[in-house]
2 protein chains.
Amino acid sequence: MAVAKAARVSPSTVSRSFNHPGLVSPATRKRITRAVEKLGYIRNRAAQSMHGRRNATIGLIVPTIDHAIFAEVIQSFSDSIDRAGFTLLIASHSYDLDREYAMMRKLMEHRVDGIALVGFEHSDASLRLLEQQGTPAMALWNYAPDSLLPCVGADNREAGRIAADHLLGFGHRDIGLVFPRPDGNDRASARLWGARDRLSAAGVPLIADWQWEASYSIAQAKQVAQDLLRRAHRPTALLCGNDVIAQGVIYGAQSCGLRVPEDISVIGIGDFKGSAEMEPGLTTIRIPARSIGEIAGERFTDLITGASEDHFRICCPLECIVRGTARPL
Amino acid sequence: MAVAKAARVSPSTVSRSFNHPGLVSPATRKRITRAVEKLGYIRNRAAQSMHGRRNATIGLIVPTIDHAIFAEVIQSFSDSIDRAGFTLLIASHSYDLDREYAMMRKLMEHRVDGIALVGFEHSDASLRLLEQQGTPAMALWNYAPDSLLPCVGADNREAGRIAADHLLGFGHRDIGLVFPRPDGNDRASARLWGARDRLSAAGVPLIADWQWEASYSIAQAKQVAQDLLRRAHRPTALLCGNDVIAQGVIYGAQSCGLRVPEDISVIGIGDFKGSAEMEPGLTTIRIPARSIGEIAGERFTDLITGASEDHFRICCPLECIVRGTARPL
DNA sequence: GGATTTTATGAAAACATTTGCATTACTATT
DNA sequence: AATAGTAATGCAAATGTTTTCATAAAATCC
């Protein structure tokens, strides 16, 4: 900080004038400010963090950035922590829990003030690492009343149930399920279990032949739909693990000459950007990504700065958005 | 580093064993490694960076994360620099150049090793700041043969031209243009100029009434399309500034009872995720987001580590993807 | 107007790491 | 066997900032 010492004060005073402006006289403060501007000084957060001081940096590890729903939550989380003066360090692991561990280490090398993860399913090593390093952590996107980590998210099991309910309410009994692979993805598996629960409870048999797998890609879902809809005996409704799959399924149906919802009903989960504007609009269970990101950012920065203490667990409400892709039998 | 000194060596040796493993004998190296594992030591990148040493951190400033096309390029850029051992610090400015400047300062406080920006349009203050701080910088997404910053991207003007060409080649003369606001967004404005150039060159008059503005949102584009298509005299083809707008426009047309491409042709720019799978598939100009991000990451890390010196300017080729939404008159 | 409190500032230690220089202990070379 | 050369390590200084403690100056009190 020899630089701003050109204001003829000691480094200590410069530091104070940044962090506790009240402690330095207006005159010197002005002199420092002028020197800072003149020299184009930018303070060094790295050097700060060496004193156990905060870095003003939060690490976020997501399965992938390149997916509508995560993009939305990343954006709002980023905006939210930005308001509290924090910057986002981001890493993705492509649904690979070992890579998640590696990313966590990487973020820790940068001494982030906290790490936000997606969901509850993490390797033991990761959890141990967090514990051992004492890094504040939270889970985004999922909610559970008894979660180990503080969390802000929705109840995915409930989402599956609501979707199933909606279809059942319309009198559907022949319901097919199209979901992403459940391993390493507790969102998908919770939704799947929720849906199955509700269907079983209603006495609807789960036909093994009507359970399909599609990853998070429109193309693959479209393919799956094309395969399944060409069969002789097909469901009257399709419950999809997320809106991307639902969109793919609808395109697949259309390309087979089937009309949605006249020939087949489709319901998604998520309410991603664009789902409302489709023709017909996608009936889906809305997961409020924007507010999840925003609330998570607020709560997490509060927790980090010590503004609040508690182990928060916040459940963001789901909503069944009735549009045009599902209709009564 | 008193911690790993439990391996009975000096801090210097530990540091060397991390950064120049060749300089320390295999025996001690092993001893150090064991101690590191036992104590769960994670090295402190912040402390490194205080020696003018690199941070292994790259800052990326995008207009928004929450947009298919940026999400894709962010993802591939992130993966690419990750391979070189770097981590991504991300910030977004919502198409506000003053906020971009603020974000740049924020990233500089963290002493990032380099800053990647989207496009060429930046405030003078931002450019001056980069210059003054000597931070390596690059432009993502755009290409220009004479760009100030090193760049990896596509020629957006050319994209507009190709799109116009495709429509002209199909015999269309009554062509409407739907674009995002061009200010602070040189991608959009370059495309718009490219398209207009080509249309003028072909002797097609630009009807003021057929130039519409829609931001990057399906909903708004849908609205615009609904308004314009209800008029008596309407174009036979719509050239859209990007695929999101094109998608919105198509939904808008469908909701007005018009069929695409029978009643109206639509062409987009970008080839975003999902454009291929629509029904009908969206005819568009493909901008190779994945390879832009990947190449940019490679070149930029090379430049930062000093592996290569040159002021790179890389033009990624565009491609006209002919699908089903545009057809000959 | 001296004693006491308050306010403003500086000096120095601390943080975790890197690096140039010095040192020690070997290994070749003659 | 002596010399030069090399390999492995340590010492100490340096990095930019914060913080504790000390000091100096000014303001307040009776």
Side-chain angles (χ1 to χ4, degrees), chain A residues 1-36 39-57 85 105-113 133-135 305-306, chain B residues 1-36 39-57 85 105-113 133-135 305-306:
Chain A
M1 215 197 251
V3 216
K5 212 199 254 162
R8 307 192 313 279
V9 292
S10 76
S12 342
T13 311
V14 177
S15 168
R16 263 187 291 257
S17 120
F18 266 106
N19 301 300
H20 316 280
L23 292 182
V24 29
S25 80
T28 29
R29 205 176 336 150
K30 201 157 135 203
R31 202 139 39 82
I32 291 171
T33 314
R34 223 173 316 129
V36 162
L39 280 81
Y41 167 75
I42 294 186
R43 70 195 211 266
N44 189 336
R45 277 262 158 65
Q48 295 189 302
S49 84
M50 280 194 13
H51 298 263
R53 229 177 189 262
R54 277 186 296 275
N55 224 354
T57 276
R105 288 193 71 98
K106 197 168 94 155
L107 294 182
M108 283 172 168
E109 289 188 356
H110 294 283
R111 295 295 186 271
V112 291
D113 298 326
Q133 297 292 318
T135 310
T305 58
Chain B
M1 216 197 251
V3 216
K5 211 198 250 159
R8 305 193 314 280
V9 291
S10 76
S12 343
T13 310
V14 176
S15 167
R16 264 188 289 260
S17 121
F18 266 107
N19 300 300
H20 316 279
L23 291 183
V24 26
S25 80
T28 29
R29 205 174 339 148
K30 200 157 139 203
R31 202 138 38 83
I32 291 171
T33 314
R34 221 174 316 127
V36 163
L39 280 81
Y41 167 74
I42 292 187
R43 69 197 214 266
N44 188 335
R45 277 261 156 63
Q48 295 189 301
S49 84
M50 278 193 15
H51 298 264
R53 223 170 194 270
R54 276 188 297 275
N55 224 354
T57 275
R105 288 194 71 99
K106 197 168 95 154
L107 294 181
M108 283 173 168
E109 288 187 356
H110 294 283
R111 294 293 187 270
V112 291
D113 298 327
Q133 297 291 320
T135 310
T305 57

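Note that the coordinates shown come from a computational prediction; the quantities given were computed from them, not determined experimentally. Order of the sequence lines sets the chain letters (A, B, ...), proteins ahead of strands, with each chain counted from 1.
- Atom CG of A/Asn44 is separated from atom C1' of D/dT18 by 12 Å (rounded to the nearest Å).
- Between the axis at the start and the axis at the end of the helix from C/dG1-D/dC30 to C/dT30-D/dA1 there is an angle of 30°, using five pairs per end and rounding to 10 degrees.
- Rounded to whole angstrom, the span from the CZ atom of B/Arg8 across to the C1' atom of D/dA8 amounts to 16 Å.
- In the set D/dT9, C/dA8, D/dT17, D/dT17 carries the atom at the smallest distance from any side-chain atom of A/His51.
- Contact between the side-chain N/O atoms of B/Gln48 and the OP1/OP2 oxygens of C/dT17 is not found at any separation under 4.0 Å.
- Atom CZ of A/Arg31 is separated from atom P of C/dG10 by 8 Å (rounded to the nearest Å).
- A/Arg43 comes within contact range of the sugar-phosphate backbone alone, with a heavy-atom separation under 4.0 Å but no base atom that close.
- Contact check, A/Thr28 against C/dT9: a side-chain N or O comes under 4.0 Å of OP1 or OP2.
- With rounding to the nearest 0.5 Å, the separation of CZ in A/Arg111 from CG in B/Asn44 is 4.0 Å.
- The phosphate of D/dT19 has OP1 or OP2 within less than 4.0 Å of a side-chain N or O from A/Arg53.
- Residue A/Val9 is in sugar-phosphate contact alone, with no base atom involved, counting any heavy-atom pair closer than 4.0 Å across all strands shown.
- Within the 3.5 Å criterion, the main-chain N or O of B/Arg105 finds no donor-acceptor partner in the side chain of B/Gln133.
- A distance-only check finds a donor-acceptor pair linking the side chain of A/Asp113 to the backbone of A/Asn55 [under 3.5 Å].
- Straight-line distance from the CE atom of A/Met50 to the C1' atom of C/dA14: 8 Å, rounded to whole Å.
- Using a 4.0 Å heavy-atom criterion, one finds that A/Thr13 contacts the sugar-phosphate atoms exclusively.
- At a cut-off of 3.5 angstrom, counting only N and O atoms as typed in the model, there is no donor on one side facing an acceptor on the other between the side-chain of A/Ser49 and the base of C/dC15.
- For A/Arg16 and C/dG10, a side-chain-to-base donor-acceptor distance below 3.5 Å is present, hydrogens and geometry of angles not being considered.
- When rounded to the nearest whole Å, the span between CG of A/Asn55 and P of D/dT18 equals 12 Å.
- Of the candidate nucleotides D/dT19, C/dA16, C/dT9, C/dT9 has the atom nearest to the side chain of A/Ser25.
- When each of B/Arg111 and B/Ser10 is assigned the nucleotide of DNA chain D bearing its nearest heavy atom, the one mapping closer to the 5' terminus is B/Ser10.
- The side chain of B/Asn19 contributes an N or O atom lying less than 4.0 Å from OP1 or OP2 of C/dT18.
- Put simply, CD1 on B/Ile32 is 14 Å from C1' on C/dT17, counting in whole angstrom units.
- Considering only side-chain atoms of B/Pro11, the nucleotide from D/dG10, C/dT18, C/dA16 that sits closest is C/dT18.
- There is a side-chain donor-acceptor pair under 3.5 Å between B/Ser10 and B/Thr13.
- At least one donor-acceptor pair under 3.5 Å links the side chain of B/Arg31 to the backbone N or O of B/Ala7.
- For the pair A/His20 and D/dT19, the criterion of a side-chain N or O lying under 4.0 Å from OP1 or OP2 is met.
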For nucleotides 25-28 of chain D, which of its nitrogen or oxygen atoms have a protein nitrogen or oxygen under 3.5 Å away, and what is each distance?
none

